[in-house]
Undergrad: 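What follows is a structure written as C-alpha cells; I'll ask about it next.
Counting convention: from 1, in listed order, for ligands and their atoms alike. Please read all numbers here as calculations on a predicted model, not as lab measurements.
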Amino acid sequence: MGKRVLLFPVPYQGHINPMLEIAAILHSRGFSITIFHTSFNSIDSTRYPLYRFILVKDGEISNQLGSLDDDMVHRVIAWNNSCEQLFYDCLTSVLSEKNEESVACLIRDTHWYNLQYLANRLGVPTFVLRTGSAATLNWYLTFPQLVQKGYIPVQESQLNMPVIELAPLRMRDLPRFGNCNHEVIGDSLTHSMDAIRASSGIIVNTFDAIESTEVEKFQKAIPVPVFCIGPLHKFTPPSRSNLLDEDGSCLEWLDKQAVGSVLYVSFGSHACMKFEELIETAWGLADSGQPFIWVIRPGSILGKDEVELPDRFIEVISGHGKIISWAPQQEVLGHAAVGAFWTHNGWNSTLEAICEGVPMICRPQFADQMGNARYVTHVWKVGIELEGKLERGEIVKVIKRLMKEDEGVQIWQRMRALKHEASLSIKSDGSSSINIDKLVNVISSF
Ligand code: UDX
C-alpha cells in the first residue's frame with residue numbers, strides 16, 4: 001500500500017521553493033504528496049498535476065493582517081494562532097478519508113510551530129523543514145539569552161562587537177526583523193525551537209561540508225534526528241513555484257555575453273530599497289562598465305508603486321545592462337556568462353550561488369541574511385560584503401575587487417572548491433543523498 005506525505009510550507013517564496021523541492025524528492029521515492037497552502041500567496045496548483053493541494057482558507061485572517069505585510073514576525077504569530085482551527089479541520093478531514101494510502105507523516109515549516117502540537121495530538125509523526133541554514137538554528141536558540149543579557153536590542157556603539165556565543169557573528173549580524181520588538185521576536189523563536197523538540201526530527205536545506213559543526217552544536221541543544229539533505233534544488237528540476245512571472249529573455253541575452261563577464265543582481269523576494277539607493281545602484285552598475293542583469297521586483301522600491309529609473313540610464317546601459325522584474329534565477333546563476341552575484345544573501349540564493357560556483361557581493365538586509373553574509377565572507381570566504389551607505393563609487397570599487405582584481409581570483413578559486421563539495425554531497429554516495437535515504441526509510445517505517 002502506498003503512503004502519503006503531507007506538507008505545509010509558510011507562504012513566502014523562500015519557504016515555498018524548498019518545500020516543493022522536498023515534495024519532488026519524496027514523490028520520486030514513491031510517496032503521494034498532499035500540500036496544504038494558504039489563500040495568501042497560494043501556490044498555482046495547476047503547475048503540479050501530480051500533487052494534491054488543499055487550501056487552508058485563511059483569506060479573512062490574511063486580510064485582517066494586511067497592515068502587517070512587512071512585519072513577518074507578527075504575521076507568523078498571528079497565523080499560528082488564527083489558523084490552528086482551520087488547519088485542524090483540514091488535517092482531520094484528510095485523516096478521516098477512506099483512502100488506500102495512509103498518511104505517513106507531516107512536514108511543516110519551522111515557523112508553523114503550533115501545528116506541531118496539533119499534529120502530535122492527532123498522532124501524525126511530524127518533521128520540521130528548516131529552509132534556512134543550520135547556523136540559523138543556533139542563532140535562534142541563543143537569541144532569547146542575548147536579549148536577557150541585554151545585548152539585544154543592539155546598541156549602535158556595539159555593532160562591531162563579536163558575539164562570543166555565535167562566532168563568527170558580530171552584533172550587527174544577529175537576526176533582525178524590521179521594527180518588531182526584540183522580546184516578541186525572542187518569544188516567537190522560543191516557540192519555534194520548543195516545537196522542534198516535540199518533533200520527529202528536523203530536515204535542513206544544507207550539506208555537511210559547509211555546516212557539520214553548526215549541526216553538531218544544534219544537536220547538543222536539541223537532540224532530535226537531523227537530516228541535512230541540501231542543496232535541495234540540486235535534486236530536482238528548477239522550481240516553477242514563482243509568485244511572479246519570470247522573464248526568460250535574459251537567458252538569450254546571456255548567451256551573447258562573454259564567459260564570466262556578467263554581474264547578476266537580485267535581492268530575493270522581500271528585500272526593498274530606498275529610492276536614493278536605487279539611483280546609486282543604477283549609476284554604480286552603469287559606471288562599473290561590467291555587463292549586468294538587475295532584477296527589480298515590482299513594489300521593491302520603498303514609497304514607489306512604479307519603478308522610476310534615472311533619466312538617460314536605459315540609454316547609457318543599452319547593450320551592456322538588462323533590467324527584468326523576475327529571473328529564472330537558478331538557470332541564470334548556472335549560465336557560463338555569469339561571473340558574480342550581488343545578493344541579499346537569502347539562504348536559497350546563497351546556496352544557489354554556491355552550487356553554481358558564483359562568487360558573491362553581499363548586501364544583506366534583514367532576518368538571517370546578515371549572518372548568512374558573514375559565513376560567505378568570513379567562513380567560506382567566497383564573497384565580499386558591501387557595507388555602509390550604498391554609494392555609486394563604493395559599488396564600482398566592490399565590483400572591480402570581485403570581478404577584475406587578484407582578490408576576486410582567489411575568491412573564485414575558493415568558490416570552485418565549494419561548488420565541488422556541493423556536487424559531491426548530491427552524488428549517490430554523498431552525504432545529502434545518504435541522508436535522503438535515511439529520511440525515506442524513517443518515513444516508510446511509520
Ligand atoms: C528570505 C530570507 O532571507 C531567507 O533566508 C529566508 O529563509 C526566507 O526569506 P527570500 O528573500 O525569498 O528569503 O530569498 P531567498 O531565500 O534567496 O529565496 C528567493 C528564491 O527566489 C530563490 O530560490 C531564488 O532562486 C528565487 N528567485 C529570486 C527567482 O527565482 N528569481 C528572482 O528574480 C529572484
Side-chain angles (χ1 to χ4, degrees), residues 9-22 41 43 47 70-73 75-76 109-112 128-137 139-140 173 175-178 189 192 203-206 230-234 236-251 254 264-273 292-300 307 322-335 338 341-356 358 360 362-376:
V10 156
Y12 287 109
Q13 191 74 67
H15 293 256
I16 292 172
N17 288 2
M19 194 63 97
L20 285 169
E21 284 150 8
I22 296 241
N41 279 349
I43 301 170
R47 293 188 189 179
D70 293 331
D71 182 346
M72 254 186 283
V73 178
R75 192 177 263 278
V76 162
D109 192 282
T110 325
H111 297 313
W112 283 128
V128 182
L129 171 63
R130 176 64 198 140
T131 56
S133 68
T136 53
L137 294 166
W139 310 339
Y140 293 172
D173 305 317
R176 250 182 276 145
F177 299 88
L189 295 177
S192 293
I203 303 163
V204 192
N205 189 13
T206 190
L232 281 166
H233 70 281
K234 282 310 226 185
T236 64
S239 157
R240 292 283 169 247
S241 64
N242 293 323
L243 299 171
L244 293 168
D245 288 335
E246 65 185 25
D247 181 346
S249 69
C250 59
L251 295 172
L254 280 173
Y264 169 60
V265 185
S266 171
F267 305 114
S269 66
H270 287 298
C272 291
M273 56 165 61
F292 66 88
I293 293 177
W294 180 12
V295 178
I296 310 181
R297 238 178 40 246
S300 64
V307 177
K322 186 156 177 70
I323 296 184
I324 54 175
S325 53
W326 192 254
Q329 181 162 302
Q330 293 169 18
E331 285 110 315
V332 168
L333 287 171
H335 196 289
V338 172
F341 180 17
W342 180 1
T343 171
H344 69 312
N345 286 117
W347 184 243
N348 295 291
S349 295
T350 304
L351 272 185
E352 288 161 15
I354 290 175
C355 289
E356 303 309 333
V358 182
M360 288 170 256
C362 306
R363 182 79 186 171
Q365 286 204 4
F366 64 90
D368 54 341
Q369 298 162 13
M370 290 77 60
N372 296 340
R374 188 73 176 160
Y375 272 65
V376 168

Undergrad: I'd like the name of whichever of A327, G14, P18, G268 reaches closest to atom 13 (O) of ligand 1 through any heavy atom.
TA: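 Closest candidate by heavy-atom distance is G14.
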Undergrad: Give me the nearest non-hydrogen protein atom to atom 3 (O) of ligand 1 as residue plus atom name, then the distance to 0.1 Å.
TA: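 Residue, atom and distance for the closest contact: Q369 NE2, 2.8 Å.
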Undergrad: Which bit of R297 gets closer than 4.0 Å to ligand 1, counting heavy atoms only: side chain, backbone, both or neither?
TA: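 Looking at R297 and ligand 1, no heavy atom falls under 4.0 Å.
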Undergrad: Between W347 and N205, is there a donor-acceptor pair closer than 3.5 Å when you use the side chain of the first and the backbone of the second?
TA: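 Yes; at least one donor-acceptor contact below 3.5 Å.
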Undergrad: What are the atoms of ligand 1, with element, lying closer than 4.0 Å to any heavy atom of Q13?
TA: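 It comes down to these atoms of ligand 1: 21 (O).
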Undergrad: Mind running side chain to side chain contact (heavy atoms under 4.5 Å, CB included) on M72 and H111 for me, showing each step along the way?
TA: CA-CA 10 Å; M72 254 186 283; H111 297 313; over 6 Å; no
Undergrad: Looking only at distances, can you tell me whether any N or O atom of N17, backbone or side chain, sits closer than 3.5 Å to an N or O atom of ligand 1?
TA: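 In this structure, N17 places an N or O atom under 3.5 Å from an N or O of ligand 1.
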Undergrad: Evaluate Q330 for polar contact with ligand 1, using N/O atom pairs at a separation under 3.5 Å.
TA: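 The answer is no, given that Q330 and ligand 1 share no N or O pair closer than 3.5 Å.
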Undergrad: Among all protein heavy atoms, pick the one closest to atom 27 (N) of ligand 1 and tell me residue, atom and distance.
TA: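 Ranking protein heavy atoms by distance from atom 27 (N) of ligand 1, first comes W326 CZ2, 3.3 Å.
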Undergrad: Identify, with sequence neighbours excluded, every residue that meets side-chain contact (heavy atoms from CB on, under 4.5 Å) alongside H335.
TA: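 Partners of H335 under the side-chain contact (heavy atoms from CB on, under 4.5 Å) test: L254, D255, A337, V338.
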Undergrad: To check your reading of the model: name the closest protein heavy atom to atom 12 (O) of ligand 1, its residue, and the distance in Å.
TA: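 Minimum-distance protein heavy atom for atom 12 (O) of ligand 1 reads S269 OG, 2.5 Å.
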Undergrad: Given T350, D368, N345, which has its nearest heavy atom closest to atom 6 (C) of ligand 1?
TA: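 Closest candidate by heavy-atom distance is D368.
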Undergrad: If you count the atoms of ligand 1 from 1 in the order shown, which ones are under 4.0 Å from a heavy atom of G346?
TA: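 Here the atoms of ligand 1 in question are 3 (O), 4 (C), 5 (O), 14 (O), 15 (P), 16 (O), 17 (O).
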Undergrad: Has the side chain of E356 got a donor or acceptor atom that lies under 3.5 Å from a matching backbone atom of Q330?
TA: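 Not a single qualifying donor-acceptor pair exists.
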